[in-house]
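Everything below concerns the one structure shown next.
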Amino acid sequence: YPHSLRNIDELCASIVRSHRETSQYRVEELHALRWKLFNREEIQAYQSKSVDEMWQHCAIRLTEAVQYVVEFAKHIPGFRMLSQNDQIALLKTGSMEVVLVRMSRLFNTENNTVFFDGKFAGTEVFKSLACGDLITAVFDFAHGMCALKLTEQQIALFSALVLINADRPCLEDKGRVQRVQRSVEFGLTHILHRDNQESLMHKLYQRVAVLRSLCSLHMEKLRWFSQRYPLTAHSLFPPLYKELFA
Ligand SMILES: COc1ccc2c(n1)CCN(C(C)=O)[C@H]2C(=O)Nc1ccc(OCc2ccccc2OC)cc1
């Protein structure tokens with residue numbers, strides 16, 4: 001339990017503040033955009049990209065989202081007390097999971113579209129990725145998250161819990177990560193109790209299981225892509241994307 005925080009309210013407040021300060025887009029901003037869709041020509045342009053062009057295009061955009069998650073992690077009380085290697089290990093496996101949790105805030109369930117390149121895109125926009133099952137899984141997960149109608153505070157604590165996971169592979173000091181994880185779990189339980197929504201806890205843990213399989217699908221597709229297009233994957237992807245996912 002990080003000694004620097006006097007109580008659980010302070011822990012929650014600092015995680016919520018960090019989430020707010022590292023959310024690239026405010027929910028209100030995107031709400032205004034949620035019916036700004038791509039027209040036929042724009043969709044045609046994405047669909048006529050080659051597989052490697054579209055993968056590179058998406059990797060560059062997703063890396064923007066990942067950078068904000070790295071900033072978020074750094075402000076989670078106790079994260080910076082962990083060793084550099086453990087911080088990297090947690091980000092390596094957790095950052096895409098947090099991006100996907102946050103992506104649900106930029107998802108419009110009424111028209112099944114997600115924020116992409118300044119507008120809201122349906123699954124057909126990503127056709128040239130040749131990863132229909134990954135995209136379907138990403139959209140289904142976003143639907144599932146939206147169905148829980150989480151508040152920004154609940155998303156902040158849930159994101160921190162997804163990231164601070166002592167069961168991640170190759171941690172140097174599992175015990176220390178466990179202590180930070182326990183304080184974040186305590187924080188999430190605390191705000192769910194305060195919001196009178198304890199029933200959400202087991203639903204959130206079910207979402208974590210779906211998130212795990214979705215991220216391993218992403219890694220599987222990325223491995224397939226890297227073998228088929230080694231040049232793009234090794235020299236044209238953003239360094240952070242390669243560092244964390246390849
Ligand atoms: C925090 O939440 C968000 C959500 C969305 C965005 C952002 N932040 C900021 C950056 N951003 C911009 C600039 O468009 C948005 C974005 O990247 N959108 C987007 C990118 C790729 C998509 O599917 C392809 C795909 C999905 C999963 C894994 C691999 C994939 O392809 C290889 C779908 C949507």
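Each ligand, and each atom within it, is numbered from 1 in the order the structure gives.
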Exercise for the section: For atom 30 (C) of ligand 1, grab the closest protein heavy atom and report residue, atom and distance to one decimal in Å. Expected result: Leu62 CD1, 3.5 Å

Practice task
Quick one: look up the protein heavy atom nearest atom 24 (C) of ligand 1 and list residue, atom name and how far away it is.
Solution key: Ile135 CD1, 3.6 Å

Exercise for the section: Give the residue, atom name and distance (to 0.1 Å) of the protein heavy atom nearest atom 16 (C) of ligand 1. Expected result: Phe115 O, 3.8 Å

Fill in the blank from the handout: For Asp117, the atoms of ligand 1 under 4.0 Å from one of its heavy atoms are 12 (C), 14 (O)

Handout entry: Over 12 non-hydrogen atoms of neighbours within 6.0 angstrom of CD in Glu198
Key = yes

Completion exercise
Restricting to heavy atoms, the pick from Val66, Leu106, Leu30 nearest atom 2 (O) of ligand 1 would be Leu106

Handout entry: Co-membership, hydrophobic cluster, residues Met219 and Leu163, 4.5 Å side-chain
Key = yes

Problem - Near-ring test Phe120/Phe38, centroid separation under 6.0 angstrom - result: no

Handout entry: Salt bridge Glu220-Arg223, side-chain N to carboxylate O under 4.0 Å
Key = no

Practice task
May I ask you to identify, for Met103, whether its side chain, its backbone, both or neither come under 4.0 Å of ligand 1 on a heavy-atom basis?
Solution key: both

Exercise for the section: Determine, for Phe115 and Arg105, whether the Lys NZ or Arg CZ falls below 6.0 Å from the six-membered ring centre while staying within 45 degrees of the axis. Expected result: no

Practice task
Quick one: look at Tyr25 and ligand 1, take heavy-atom pairs under 4.0 Å, and tell me if it's side chain, backbone, both or neither.
Solution key: side chain

Handout entry: Selection from Met54, His218, Arg102 by shortest heavy-atom distance to atom 28 (C) of ligand 1
Key = His218

Practice task
Measure the distance from atom 31 (O) of ligand 1 to every protein heavy atom, then report the residue, atom name and distance (to 0.1 Å) of the closest one.
Solution key: Cys58 CB, 3.5 Å

Fill in the blank from the handout: For atom 22 (C) of ligand 1, the closest protein heavy atom turns out to be Phe126 CE2, 3.5 Å

Problem - Ionic contact status for Arg168 with Asp86, cut-off 4.0 Å - result: no

Practice task
Record the part of Gln24 in heavy-atom contact with ligand 1 below 4.0 Å; permitted values are side chain, backbone, both and neither.
Solution key: side chain

Handout entry: Main-chain N/O of Leu30 paired to Lys36 side chain as donor or acceptor, under 3.5 Å
Key = no

Practice task
Among all protein heavy atoms, pick out the one at the shortest distance from atom 12 (C) of ligand 1; state its residue, atom name and that distance to 0.1 Å.
Solution key: Arg61 CG, 3.6 Å

